[in-house]
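In what follows, every chain begins at residue 1, and chains take the letters A, B, ... in the order their sequences are listed. Hydrogens, waters and symmetry mates are skipped; everything else that's a heavy atom, side chains included, is used.
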Number of protein chains: 2
Amino acid sequence: MKKNIFFLCISLLLCACNKGNNPSNSADQVQIQIEKETLAIVIHAGAGTILKENISDSMELAYKTVLEKSVRSGYEILENGGTSLDAVETSIRILEDSPLFNAGKGAVFTNAGTNELDASIMEGKTKNAGAVAGVTTVKNPITLARAVMEQSEHVMMARKGAETFAKEVGLTLVDPEYFYTESRMKALKRAQHRDSASKTSYYDPFAKDEKFGTVGCVALDKSGNIAAGTSTGGMTNKRWGRIGDSPIIGAGTYANNSTCGISATGWGEFFIRGVIAYDISAMMEYAGLSLQEAANKVIHEKLPEMGGDGGIIGIDQKGNIATVFNTSGMFRASIDKTGTLSIELYSEDQ
Amino acid sequence: MKKNIFFLCISLLLCACNKGNNPSNSADQVQIQIEKETLAIVIHAGAGTILKENISDSMELAYKTVLEKSVRSGYEILENGGTSLDAVETSIRILEDSPLFNAGKGAVFTNAGTNELDASIMEGKTKNAGAVAGVTTVKNPITLARAVMEQSEHVMMARKGAETFAKEVGLTLVDPEYFYTESRMKALKRAQHRDSASKTSYYDPFAKDEKFGTVGCVALDKSGNIAAGTSTGGMTNKRWGRIGDSPIIGAGTYANNSTCGISATGWGEFFIRGVIAYDISAMMEYAGLSLQEAANKVIHEKLPEMGGDGGIIGIDQKGNIATVFNTSGMFRASIDKTGTLSIELYSEDQ
């Protein structure tokens, strides 16, 4: 009862705040607001050949600690009545600031020995979006993607121009040296050694884990708004200003309050060609599939048919969470609509 | 009768050539090949405030002459048994080489007085795709997009890296000065004058024609393969490495033999957020709409609801053509499955 009264108060407050958008302030609306109290958040930190036998107990603990901190930080924002956008940005910043994952601080190296970061964010109410590609001096690319969405008329900016914008809006810039990590440099050297040894090494499944990796988050807030975001360092040893799916709206990230929010991770080229994130939303909208059904179809049928692999995380408008991948593992964590925390790394955790 | 015998011969030849892909070589297959003889091609060269009273007879003739040359050149390839990919690339190169349209030679200027070109191409059989963003020295960006698709493992490359790739695969490079045109420089100066005079000029509908513009082509070849491509100089006075929808697979370009091929033109930010090109395909695939119905819904309902404007051209697997826009005009031309040529500029031509 106490909880209900609390919800009623929050709802009345939300109605008052939203007056500009919703002129009618009837009892019906209060009811709707109460029903919209469902919260949910899910994060991923890359999919690939993630096998228990290859990860030590201490590394597993290290991964899980950051995943838990990320998902709990986002959830706390949602619990306090914050927006799904804030939750997504906060959770992703924590993953970006960790050297463990291929985004922000832990970004992989390009062929030229630089770190070029991509990110995108989208919110499901207005379907507004922001994305950046190939930035080298922005500490938190997800925050820049959000600034592109909220502080410019554009959706996507690239490289030096995006960095100029980051400076203009006052984001934290770092020396490119900030992104140097020993483990990623070793991975680059291994990849380059393989590439020089064999022309076909690109398709070597063993090599893929060093080439791919992404972090992402999807959240549903008390107002029923879904947001999704994705951030990555891209592919180890990448050349030619390659852009993957992470900064592509519809491929790596998508959000629509009437269907779902999606963040993807995997072999980016296939996610672009399959318009994977939006495809899941479209199947829900046009074919009446549930989030889980649509995600299964896309990740377990359509993507492998094309030759691609990877996974997605998603949340629908009712707070149902999906984590679907066709690789041996995906770093992932969630707090679902019942408040239950889950942190999983491997396929067998499913 | 003579025509039927010709088709039968061609079909038998195609069956023989395709043996590797289609092991069964039955009479059924001959029948299918005959049915696949349908050809169609459609091009656009931008949508916007295109009004008869603003275009002199001589300019109208100039526009129509290039549109006709472009669409006829692509169609000739299709008639001679060439691929839809060849037709799309050829038609777009002709539009890129003309100073009249905002792509290639006629590209608009950025805020910094440079020309930064974007393009993408996709083919509907394998759903393979290629895209480039922000290139400044590549004479025909559509050819570079095709090279990315066919000669790299990637889908998208940007800026200097894409230019390095262009050089490595031997494409024609030009001095950036090649893209200088007096009319586009005047447009930049007008846009910059307006921007300095008013902070809200970005949304000035009068200004939009100077800010947007794109060319594109969709074709269906004798083998039933659909290809689509798009090329643009982007937005006059653009800053911050802005990327629009033209190089985004799913937004500006999409092709799938089982549904349709689409090339879009308009206010790119809305086309990215709406995943416009793929949305039309998804409505056909999942909701059973025809190309025309899906395109009408997207361009006349969903896009204006978001606040966006522009148009699309498309061809479905049966060779039906759609040219749909919510602006006062769209430069467009087509040769349909009956062989009929059509060249139109204004809304009232529809």
Visitor: Provide the closest heavy-atom pair for B:Arg273 versus A:Met122 in the form atom of the first, atom of the second, distance.
Guide: O-CE, 3.6 Å
Visitor: Given a strict heavy-atom distance threshold of 4.5 Å, which part of B:Glu163 is in contact with chain A: side chain, backbone, both, or neither?
Guide: neither
Visitor: Just how far is it from atom CZ of A:Phe165 to atom CZ of B:Arg242, taken to the nearest 0.5 Å?
Guide: 13.5 Å
Visitor: Shorter than 4.5 Å, heavy atoms on both sides: which option in B:Gly250, B:Gly134, B:Ala158 has the most such pairs with chain A?
Guide: B:Ala158
Visitor: Got a salt bridge between A:Lys302 and B:Glu285, using NZ or NE/NH1/NH2 to carboxylate O under 4.0 Å?
Guide: yes
Visitor: For the candidates A:Ala166, A:Gly161, A:Ser281, which exhibits the highest count of non-hydrogen atom pairs separated by less than 4.5 Å from chain B?
Guide: A:Gly161
Visitor: Side chain, backbone, both or neither: which part of B:Arg159 has a heavy atom under 4.5 Å from chain A?
Guide: side chain
Visitor: Identify which of A:Asp245, A:Thr110, A:Val132, A:Ile249 forms the greatest number of heavy-atom pairs closer than 4.5 Å to chain B.
Guide: A:Ile249
Visitor: Give me the atom names and distance for the closest heavy-atom approach of A:Ala287 to B:Tyr286.
Guide: CB-CB, 4.0 Å
Visitor: Please identify, among B:Ile272, B:Asn256, B:Thr164, the residue contributing the most non-hydrogen atom pairs under 4.5 Å to chain A.
Guide: B:Ile272
Visitor: May I ask you to list the residues in residues 135-145 of chain A that approach chain B closer than 4.5 angstrom, counting heavy atoms only, ordered by number?
Guide: none
Visitor: Relative to chain A, which of B:Val148, B:Ile243, B:Thr126 shows the most heavy atom pairs under 4.5 Å?
Guide: B:Ile243
Visitor: Using side chain to side chain contact (heavy atoms under 4.5 Å, CB included) as the criterion, point out the one residue from A:Val275, A:Asp279, A:Ile248 that pairs with B:Val275.
Guide: A:Val275
Visitor: Examine whether an atom of A:Phe270 lies under 4.5 Å from a heavy atom of chain B, and if so say whether it belongs to the side chain, the backbone or both; otherwise answer neither.
Guide: neither
Visitor: Report yes if the side chains of B:Arg239 and A:Glu168 come closer than 4.5 Å at any heavy-atom pair, otherwise no.
Guide: yes
